[in-house]
Amino acid sequence: MKTSDRQSHFYQQIYQLVRKIPPGKVATYGQIAELLGRPRHARQIGYALYRVAPDSDIPWQRVVNAQGMISHSPQRQGSDDLQRILLEQEGITFNSQEKLDLRRYRWQPDLLE
DNA sequence: ACGGTGACACCAG
DNA sequence: TCTGGTGCCACCG
């Protein structure tokens with residue numbers, strides 16, 4: 001299997017898993033990578049989500065960094081600001097330090113799937 | 001082809 | 001807490 005095929009397959013796995021995150025819950029980049037059996041590949045999750053169109057059916061907004069914060073970047077062309085708006089619409093609140101409470105909102109995937 | 005870059009994470013101080 | 005350094009590895013010019 002070519003490397004490029006393995007990679008796009010990995011991206012599909014990422015999208016499929018992110019789709020399972022229910023409204024009002026979030027996962028971290030590292031958590032997604034680990035759940036897919038690739039610890040330390042958190043950056044790949046960011047790359048995969050970067051390619052997702054803002055109006056996609058993939059709930060890309062439900063993935064944040066390990067500090068419970070939205071990762072900002074000029075490259076995102078404002079989708080980072082949109083991310084916060086979408087999450088707040090789902091009932092998620094941010095504290096004065098722009099952080100959401102991971103203990104409260106972290107998605108716990110059902111192991112029996 | 002190759003080196004800089006980055007929607008990350010973790011650790012030391 | 002916060003900051004800086006390090007590990008990681010696909011992406012892109």
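Because the structure is a prediction, the values reported are computed rather than measured. Each chain gets a letter, A, B and so on, in the order the sequences are listed, and its residues count up from 1. Both backbone and side-chain heavy atoms feed into the values below; hydrogens, waters and symmetry mates do not.
- Summarising the geometry, the separation between NZ on A:K99 and P on C:dC2 is reported as 8 Å, rounded to the nearest angstrom.
- For the OP1/OP2 pair of C:dC8 and a distance below 4.0 Å, the side-chain nitrogens and oxygens of A:H41 include no atom meeting the criterion.
- In this structure, A:R43 fails the cation-pi test against A:Y29, since its NZ or CZ atom is not both closer than 6.0 Å to the six-membered ring centre and inside 45 degrees of the ring normal.
- In this structure, CZ of A:F10 is placed 10 Å from P of C:dA10, rounded to the nearest angstrom.
- Between A:Y11 and C:dC11, a side-chain N or O to OP1/OP2 separation shorter than 4.0 Å is present.
- A salt bridge is absent between A:R40 and A:E34; no separation between the charged side-chain nitrogens and carboxylate oxygens falls under 4.0 Å.
- Evaluation of atom-type donor-acceptor distances gives a pair under 3.5 Å for the side chain of A:R76 against the base of B:dA7.
- Side chain of A:Y47, nearest nucleotide from B:dA7, B:dT5, C:dG7: B:dT5.
- Distance CD1 (A:I14) to C1' (C:dC9): 13 Å, rounded to an integer number of Å.
- The side chain of A:T28 lies closest to B:dA9, out of B:dA9, C:dC11, B:dA7.
- Remark: A:R76 fails to qualify as a cation-pi partner of A:Y50 under the 6.0 Å distance and 45° angle criteria applied to the six-membered ring.
- Straight-line distance from the CG atom of A:L49 to the P atom of C:dC11: 14 Å, rounded to whole Å.
- Residue side chain A:Y29 reaches the base of B:dA7 through a donor-acceptor N/O pair under 3.5 Å, judged by distance alone.
- With rounding to whole Å, A:Q31 atom CD is found 11 Å from B:dC10 atom P.
- For A:A42, the side-chain atoms get nearest to B:dC8 when compared with the rest of B:dA7, B:dC8, C:dC2.
- Residue contacts shown for A:Q75 are limited to sugar-phosphate atoms, with no base heavy atom under 4.0 Å away.
- Using a 4.0 Å cut-off between charged nitrogen and carboxylate oxygen, A:R19 and A:D57 count as a salt-bridge pair.
- The nearest whole Å value for the distance from the CD atom in A:Q67 to the P atom in C:dC2 is 11 Å.
- Judged by distance alone, with hydrogens and angles left aside, A:R40 brings no side-chain donor or acceptor close enough to the base of C:dG7 to form a pair under 3.5 Å.
- In terms of position on DNA chain C, the residue among A:R51 and A:P39 whose nearest nucleotide sits closer to the 5' end is A:P39.
- Contact check on A:E90 versus A:K25 returns no salt bridge, with no Lys/Arg side-chain nitrogen under 4.0 Å from an Asp/Glu carboxylate oxygen.
- Distance A:Q97 CD to C:dT3 P: 12 Å, rounded to the nearest Å.
- Atom-to-atom, CZ of A:R38 to P of B:dC8 comes out at 18 Å; the value is rounded to the nearest Å.
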